[in-house]
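Keep in mind it's a predicted model, so treat the numbers as computed, not measured.
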Amino acid sequence: MPKIKTHRGAAKRFSLTGTGKIKRGKAYKSHILTKKTTKRLRGLRQVGYISECEAPKIRKLIPYK
């Protein structure tokens, strides 16, 4: 069985936690920040997690992480 290639774009965006959840960054944090409230930007700094129904798709993209 050949080795599976890691999807490099997904590898840069997602990482696994110790319990097996998939961490992700929040969207809408890159530009046009002046009109977004401070409270909203603080919330965007927090880590997000992939939902359980989407997790199998992401695990296929990052098999060795």
Atom pair OG/CD1 of S51 and I58 - distance to nearest 0.5 Å: 9.0 Å
Residue pairs, two or more places apart or on separate chains, that pass salt bridge (charged side-chain N to carboxylate O under 4.0 Å, His left out) and touch residues 53-65: E54-K57
Heavy-atom closest pair, residues L33 and Y28: CD2-O, 4.3 Å
Selection residues 11-26 - residue pairs positive for salt bridge (charged side-chain N to carboxylate O under 4.0 Å, His left out), sequence neighbours left out: none
Which residues share a side-chain contact (heavy atoms from CB on, under 4.5 Å) with I4, sequence neighbours left out: P63, Y64
Set of side chain to side chain donor-acceptor pair (under 3.5 Å) partners for T17, sequence neighbours left out: T19
Evaluation steps, side chain to side chain contact (heavy atoms under 4.5 Å, CB included), between L41 and K29: CA-CA 7 Å; L41 291 174; K29 183 68 174 75; 4.2 Å; yes
Shortest non-hydrogen separation from T6 to A11 and the atoms involved: CG2-CB, 3.8 Å
Distance-minimising heavy-atom pair for I62 and A10: CG2-C, 3.9 Å
Co-members of the apolar cluster containing Y49 [side chain, <4.5 Å]: V47
Sequence-distant partners of T37, side-chain contact (heavy atoms from CB on, under 4.5 Å), two or more places apart: K39, R40
Salt bridge (charged side-chain N to carboxylate O under 4.0 Å, His left out) involving K3 - partner list, sequence neighbours excluded: none
